[in-house]
Number of protein chains: 2
Amino acid sequence: MENLQRMTVNTIRVLSAEAIDKANSGHPGLPLGCAGIGYSLFAEHMTHNPKNADFYNRDRFVLSAGHGSMLLYSLLHIFGYGMTMEDLKNFRQLGSPAAGHPEYGHAKGIETSTGPLGQGIANAVGMAVAETMMAARFNREGFPLVDHYTYVLCGDGCMMEGIEYEAASLAGHWKLGKLIAVYDRNKITIEGSTDMAFTEDVGKRHEAQGWQVIKVDSGEDLSALSRAVKRAKKETQKPSLIIVSTRIGEGSPKAGSAETHGAPLGAEAVAQMKRDMGWKLPPFTVPDEVTAHVQRLQKKFSGYERKWKRLVKSYKAEYPAEYETFIRYTKGDYAALTNEQSLWEKGAKPDATRNSSGVILNKLAKLAPNMVGGAADLAPSTKTYLKDMGDYSADDRLGRNLHFGIREHAMAAITNGIRLHGGLISYCATFFVFSDYMKNSIRMSALMGLPVVYVLTHDSIGVGEDGPTHQPVEQLSALRTIPGIKVFRPADLRETAAAYISALTGRQPTAVVCSRQNLVQLNNSGAEALKGGYIAYGGDEKPEVILMATGSEVGLALESAKALEKDGTAVRVVSMPCLELFDRQPKAYRDKILPPSVTKRVAIEAGSRGLWYKYTGLKGAVIGIDSFGTSGPADKLMVEFGFTPDNVVKTVKELA
Amino acid sequence: MENLQRMTVNTIRVLSAEAIDKANSGHPGLPLGCAGIGYSLFAEHMTHNPKNADFYNRDRFVLSAGHGSMLLYSLLHIFGYGMTMEDLKNFRQLGSPAAGHPEYGHAKGIETSTGPLGQGIANAVGMAVAETMMAARFNREGFPLVDHYTYVLCGDGCMMEGIEYEAASLAGHWKLGKLIAVYDRNKITIEGSTDMAFTEDVGKRHEAQGWQVIKVDSGEDLSALSRAVKRAKKETQKPSLIIVSTRIGEGSPKAGSAETHGAPLGAEAVAQMKRDMGWKLPPFTVPDEVTAHVQRLQKKFSGYERKWKRLVKSYKAEYPAEYETFIRYTKGDYAALTNEQSLWEKGAKPDATRNSSGVILNKLAKLAPNMVGGAADLAPSTKTYLKDMGDYSADDRLGRNLHFGIREHAMAAITNGIRLHGGLISYCATFFVFSDYMKNSIRMSALMGLPVVYVLTHDSIGVGEDGPTHQPVEQLSALRTIPGIKVFRPADLRETAAAYISALTGRQPTAVVCSRQNLVQLNNSGAEALKGGYIAYGGDEKPEVILMATGSEVGLALESAKALEKDGTAVRVVSMPCLELFDRQPKAYRDKILPPSVTKRVAIEAGSRGLWYKYTGLKGAVIGIDSFGTSGPADKLMVEFGFTPDNVVKTVKELA
C-alpha cells in the first residue's frame with residue numbers, strides 16, 4: 001500500500017472504531033477488515049460522484065453485510081457524500097442517519113437497507129438486472145446512456161444464506177457480467193471459526209453457478225485487489241466473485257477474533273490500534289493529507305457525471321423520443337392511472353381474481369411500459385405473464401417477463417433491487433402460502449417504502465385439493481401486520497384494478513391477494529375500493545346487522561344478506577379489500593361505514609380470525625379459520641369450514 | 001428392466017394416473033417419471049418392513065417433491081403399508097389419507113409432510129443427523145442398534161430453493177455418509193424447460209459442498225440405479241447425490257411435457273398409456289403377478305425387522321442400562337417435568353429472559369439427556385449453548401450443540417427432521433426477527449404437530465441500536481396466527497420455565513420469545529403461567545381497570561398499576577405469556593381473569609396491536625407498535641414509542 005492509500009484506509013478504521021466505541025454498540029470487525037476493499041472501490045474503481053450521489057449512471061455499491069455499517073458511513077464521510085462528522089459521532093443514536101444498519105433514504109449513498117443477511121446480494125442482482133434492462137431499452141450505437149457496474153460486499157454470513165445461493169444461481173444464468181461481488185472471507189462468524197459450520201468450496205460453488213471466481217490473498221494488498229476488479233470488469237458474460245482473504249478487525253490488537261464481530265473494541269484496544277498505526281490525531285479527525293487526497297479525487301468523480309451529462313445532451317438531440325421515454329421511465333409518475341377508465345370496467349362474468357389480476361396486469365403493462373416482473377415458476381398459475389412482452393434472458397434484455405425459477409426469497413429481494421435501481425416498476429408472484437418463503441424481503445420492501453407489487457394467488461382453502469401445505473390461513477395476518485404495507489384482497493375485477501392502481505400510485509409495497517376460484521362481480525365496486533372499505537350492499541341507511549368481508553367471502557356475505565332480509569333484518573355488507581387503507585380514512589368515514597352504534601357485526605374471511613375483532617368488537621363474531629385447512633375439493637371445504645349462508649345467518653342470529 | 005420389475009413399475013404409473021384422473025386433480029408428472037426410482041428403492045434397496053412401518057431401524061424415505069404424492073401412495077399400496085385401494089380412489093378427497101400432498105400421520109409410511117419445496121431434503125438431513133446421534137449414543141461393538149440410511153427424492157424445484165443449498169452445505173460439512181438424495185432431473189418445471197431459469201451445474205455445486213455425485217442416464221435403467229445406490233452406500237464420509245435423468249410423465253403420451261406436471265392426463269391419455277403398455281386390467285387393479293412378487297418380498301422385509309429385534313434382545317442382555325436409556329429416549333415422555341421444583345425457582349434479580357432461557361435450557365439438558373439443538377450462528381447471543389454437552393460434528397456425533405451456521409430456514413427444517421426421526425428432542429434458535437427466514441418451516445412443525453422448540457431472542461425494539469431490520473414488530477402476530485403453535489413471551493424466569501415445560505410436555509411446537517434487556521422477576525409467576533394468562537397483580541377482587549401485558553411489558557404494567565392506584569383506581573395486571581393457552585382455558589377461567597363487565601382494558605405489548613383487540617374490545621386501548629422501530633439505545637426507544645408509566649396512565653384515563 002502506498003502511504004496515502006494506507007493513511008486513508010487507516011482513517012476508515014479509526015473513524016469506524018471511534019464511532020462504535022462512542023456508541024458503545026456496533027460491529028467493528030468488518031469495517032476494519034474491509035477498510036482496504038472499501039477504499040479501493042470508492043477511490044479507484046467506482047464511477048460515482050459523491051457531490052451528486054443520485055447521478056443515474058453511477059456504479060451501485062451494496063453493503064450486503066449490513067452490520068458493517070460503519071465502513072459505509074466512514075466512506076460516505078471521507079468521500080464527501082454529506083455524512084457529517086457529527087453524524088458519525090451520533091452513530092446508532094435516535095434520529096441519526098448513521099443508523100445501526102444502513103437504511104435506504106437516511107443518507108445519500110445508501111443504495112439499499114441491509115442487515116438481514118444475503119438480501120443485499122439479491123438486491124444487487126436486481127440492480128444489475130435493471131441496468132441491463134435500461135441499457136437495452138435506451139442505449140444506442142455510440143450512446144451508452146446506461147452503463148455501470150453493481151458492486152456488492154458480502155461476508156461469510158451472506159454466503160451461507162439460501163437467498164445468496166438463489167440469487168447467485170440467477171445471476172449466473174442471466175450472465176450478469178457487470179455484477180461484481182466481493183466476498184470478505186475472514187472465516188470468522190459469531191460462534192467462532194467458519195470451520196465449525198461452513199467448509200464448502202464457495203468459489204467452486206459459484207463456478208458451478210456460472211460465475212467467474214477470482215481470489216485475492218489479502219485485503220491489505222490493494223494492487224492485487226485492483227487487478228481483481230479489472231479482471232472482473234473484463235469478463236462481460238459472467239458475474240464475478242472476488243474472494244478476498246481478510247482478517248476480521250484488521251489493524252486492531254483483537255484482529256482475527258470473533259470478539260470484534262459485534263462488540264466495540266474498547267478504549268484500550270482503540271488506543272493500542274492508533275499507537276500501532278502511529279496515529280496521533282484527536283478522536284474523530286480526518287488527517288489533512290487524506291482530505292486533500294480525496295479533494296483531488298473529486299475532480300475525477302465530478303468528471304464522470306459531467307461526461308455523462310454531455311452524453312445525455314447529445315442523446316437528447318439525436319434521439320428525442322427515446323430521451324423523453326427515458327425521463328418518463330426514471331420519473332415513473334403514474335398518478336394519472338386512477339382516472340384511466342379502461343381499468344375500471346366491470347367484469348362481464350364470475351371470474352377468479354387471479355384472472356382479473358392477469359387482465360389488469362396486462363392492461364397496465366401497456367400503460368406503464370417500464371413495468372417488468374415475473375413469478376417463481378408459477379406464471380401460468382398466478383396469471384402474471386405479460387403477453388407479447390418477451391422473456392428476459394441473457395439474449396434478450398428487452399423481455400419484460402422474468403423467470404425467477406423456484407426461488408421465492410431471491411425473487412422478492414431482486415424485485416426490490418430492480419425498483420431500487422430506478423427506471424423500472426417491478427412485481428413478482430407466487431402462491432400466497434409461499435409468501436412465507438419471502439416474508440423478510442417483503443418486510444424490507446415496506447421498510448424501504450418501495451412500491452413493488454406482490455401478486456399472491458391461491459389465497460385460502462379455496463385452493464382445494466392441494467391441501468394444507470398450499471392453503472394459506474395465517475398469511476393475511478402475517479402480511480397485514482407488516483408496518484407500511486398494503487394488503488389488498490379484492491373481491492372482483494374492479495377491486496383488483498383498485499389494488500393495482502393503489503400500488504402504482506403509492507409509495508409503499510402492495511400485496512394483491514387473489515383467489516384461485518371464480519367469484520361474482522360486485523355491482524358497485526370501483527374507485528370506492530381505494531378507501532379500503534365501502535358499502536357493497538344495503539345503502540346508506542343504518543342497518544341492524546353489518547356483514548364485513550373480503551375477496552371470495554364478499555359474495556357469500558351478499559348471499560347471506562339476502563337470506564337475512566327474508567326475515568326482515570336490515571343488513572349492510574361492507575367490502576373491505578384493504579384494511580390498511582380503511583384504517584387511514586378519517587374517523588367520520590369509518591364511522592359512516594361501520595356505525596359505532598351497530599354492534600351486531602360479523603366479519604367473514606377464510607383466514608385467521610384474530611385481526612377482525614378490531615372491527616367486530618367483543619360482541620360481534622368472526623367467521624374465519626384458525627386451524628389448518630385440509631385436502632379436498634374447494635366447494636366441499638368451504639362448506640366444511642362454515643362458509644355458507646346458513647352458517648352466516650345462524651351466526652348473526654346468535655349474536656346478543 | 002426385467003418383466004416383473006417393469007410390470008410393478010407400470011402398476012405404479014397406472015394407479016397414479018388413474019387416481020389423479022379420478023380426482024380430476026393432482027400431479028402425474030413425477031409419479032410416472034420416478035416410478036422406476038420408487039420401485040427400485042422400495043423393492044431392492046430400502047431396509048423397511050411395510051407390515052410394521054414404524055420399525056425403528058428402518059431406512060427413512062422422504063418425498064421432498066411432495067406434489068408427486070401419488071408415487072408414494074402407489075408404493076404404500078403396492079408394498080402393503082396399509083394404504084387401501086379405496087384410499088387411492090379417494091385421492092385428494094375430504095378425509096382421505098391420500099391427501100394432495102403427503103401428510104405426516106395420515107398414513108403409515110409417510111415420514112414427513114412435504115409440499116413446500118426444498119424442505120423435505122432438509123428434513124432428511126435432520127433424520128440423517130439424528131441417525132448419527134442415536135448410533136453414537138447407543139451402538140456398541142457388534143451391536144449396530146441404530147444403523148440405517150435416509151433416502152430423499154427431490155425434483156428440480158427442490159434443487160432451486162435456497163433451503164436445499166443450506167441443507168446440502170450442512171450435510172456435506174457434517175459428512176452425513178448415510179444420506180442418499182435422488183434428484184429426479186426431468187428438466188421441466190411449470191413454466192417450461194429448466195433452461196429458462198436453471199442452468200447451473202447442480203452436480204458440481206454439490207461436489208463443492210462435499211457431496212459424492214453419481215449420474216444415472218435414465219430413470220428406466222434399474223440396474224444403473226441399483227449400481228448408483230450401491231456406490232452411494234459405499235461412500236461413508238460424504239452424502240451422495242444421485243442425479244437421475246428422467247422424463248416427466250414417462251410412459252404416457254404426454255411424456256416430456258410441462259403439462260403433465262400438475263394436471264391430470266385425461267381419460268384419453270391414460271387409455272393410450274395403458275394400450276402402449278399392453279395393460280388390459282380394469283381401473284384400480286394391481287396385477288396378480290405384482291401382488292405375488294411383493295408378497296415374496298415381504299419375507300425379506302419382515303426379516304429385516306426380525307433380525308433387528310434379535311439384536312435388540314441381545315443388546316438388552318449385554319447392555320441393560322443402555323437399553324433402558326434407549327427406550328426412554330424413544331419414548332420421550334417428559335410429563336414429570338411439570339413437578340420438577342428446580343425448574344420453578346424464582347429469579348434472584350432482574351435479568352433478560354434470554355438469560356433465563358439459557359438457565360432453564362441448561363437445567364433441562366440434564367433432565368432430558370436426549371435434547372439437542374443449536375443456533376444459526378447466534379448461540380452466544382441467544383444463550384442457547386448447552387454447557388459441557390459438546391459440539392456435534394463429523395468427529396463427534398455425541399455433541400449436543402449443533403452449529404447450523406447462518407442458515408435459518410434449513411435449521412428449522414433440520415430441527416423438524418431430527419424430531420421426526422424419533423429418539424431426540426430438538427430445538428433451534430435465532431434472533432426473533434429472523435423467524436421470518438424460517439416461517440414456513442415453523443408452520444410445518446405446527447402442521448405436523450412436532451413439539452420442537454424455537455428459541456427466539458431480541459424480541460422487540462428492546463433490541464436497541466441494531467435498528468428496524470433487527471427489531472421485531474409483527475413477528476409475534478405472524479407466529480401467533482400459525483394454527484397449532486404456542487407462542488410464549490415470558491416475563492421472567494419462572495414464566496420462561498413454564499414455556500419450556502409446556503413445550504416439552506405438549507404435542508405441538510413452541511416459540512419461546514425472549515428479551516435482550518433485563519426484566520424484573522414477578523412475585524407470583526409460576527405454574528399459573530401454564531394457563532397462558534393469570535393475575536400477576538391486584539388480587540381476585542373485581543378491578544376498575546385491567547392492564548394486560550406480556551414479556552418486557554409486564555414490569556411496565558406493574559409500575560403503571562402502582563401509579564394508577566395513587567389516584568385510588570383499582571387495577572389488575574394480567575400477565576399473558578401465551579395467548580393460545582389462555583384461549584384454550586374454560587370460559588369460567590377466562591372470565592375470572594378478564595371479567596366481561598370490566599371494559600376499561602389496556603393491553604401493552606411492544607409489537608403489532610391488531611390481535612389484542614380481541615381481549616380489549618372496541619372500548620379498550622392497545623399500547624403497541626404498528627410502525628417499524630428505529631436505531632437507538634433501547635431505553636430511549638421505549639420512551640419514544642410510549643412504553644412509559646405516564647403514557648399507560650394517560651391511556652387509561654382517556655378510556656370512556
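Given the structure is predicted, the values throughout are model-derived calculations rather than measurements. So you know, we letter chains A, B, ... as the sequences are listed, proteins then strands, and number each from 1.
Atom CZ of B/R443 is separated from atom CD of A/Q475 by 4.5 Å, given to the nearest 0.5 angstrom. Taking CG from A/D466 and OG from B/S25, the interatomic distance works out to 6.0 Å, rounded to the nearest 0.5 Å.
Only the side chain of A/T630 comes within contact range of chain B, with heavy atoms under 4.5 Å apart. Contacts of B/A446 with chain A are made by both backbone and side-chain atoms, with heavy-atom separations under 4.5 Å. With a 4.5 angstrom heavy-atom cutoff, B/D377 touches chain A via backbone and side-chain atoms both. Proximity to chain A is absent for every atom of B/A258, based on heavy atoms less than 4.5 angstrom apart. Residue B/Q471 touches chain A through its backbone alone, counting heavy-atom pairs closer than 4.5 Å. Contact of A/E164 with chain B is not made at all, since no heavy-atom distance falls under 4.5 Å. When heavy atoms are compared at a cutoff of 4.5 Å, A/D195 approaches chain B solely by way of its backbone atoms N, CA, C and O. Using a 4.5 Å cut-off between heavy atoms, A/P472 contacts chain B through its backbone alone, with no side-chain atom that close. In this structure, no portion of A/V202 lies under 4.5 Å from any heavy atom of chain B. For chain B, no part of A/H206 is nearby; none of its heavy atoms comes within less than 4.5 Å. B/S69 does not touch chain A: none of its heavy atoms, backbone or side chain, sits under 4.5 Å away. Interface remark: B/L447 contributes backbone and side-chain atoms alike to the contact with chain A (heavy atom separation under 4.5 Å). When heavy atoms are compared at a cutoff of 4.5 Å, A/L170 approaches chain B solely by way of its side chain, counted from C-beta outward. Proximity to chain A is limited to the side chain of B/M444, based on heavy atoms less than 4.5 angstrom apart. Both the backbone and the side chain of A/A375 come within less than 4.5 Å of a heavy atom in chain B. Looking at B/F434, the atoms closer than 4.5 Å to chain A (heavy atoms on both sides) all sit in the side chain, from C-beta outward. Residue A/S96 does not touch chain B at all, counting heavy-atom pairs closer than 4.5 Å. Contacts of A/F628 with chain B are made by both backbone and side-chain atoms, with heavy-atom separations under 4.5 Å. Of the two parts of A/H409, only the side chain, counted from C-beta on, holds a non-hydrogen atom closer than 4.5 Å to a non-hydrogen atom of chain B. Heavy-atom distances place both the backbone and the side chain of A/S169 under 4.5 Å from chain B. Heavy-atom distances place no part of B/S393 under 4.5 Å from chain A, backbone and side chain included. Looking at A/T189, both its backbone and its side chain come within 4.5 Å of chain B, counting heavy atoms on both sides.
Listed for the A/S631 side chain is no donor-acceptor partner under 3.5 Å among the backbone atoms of B/A99. Looking only at distances, no side-chain donor or acceptor of B/E465 sits under 3.5 Å from a matching main-chain atom of A/Q93. Proximity of a side-chain donor or acceptor of B/H101 to a complementary backbone N or O of A/T469 within less than 3.5 Å is not detected. Between the side chain of B/E191 and the backbone N or O of A/A379, at least one donor-acceptor pair lies under 3.5 Å. Side-chain atoms of B/E166 come within 3.5 Å of backbone atoms of A/G162 as a donor-acceptor pair (strictly under, hydrogens ignored).
The pair A/K439-B/E474 counts as a salt bridge, with a side-chain nitrogen and a carboxylate oxygen less than 4.0 angstrom apart.
Of the N and O atoms on the side chains of A/Y437 and B/Q119, at least one donor lies less than 3.5 Å from an acceptor on the other residue.
Counting heavy atoms from C-beta on, the side chains of B/E207 and A/K204 come closer than 4.5 Å. The shortest distance between side-chain heavy atoms of A/L94 and B/L637 falls below 4.5 Å.
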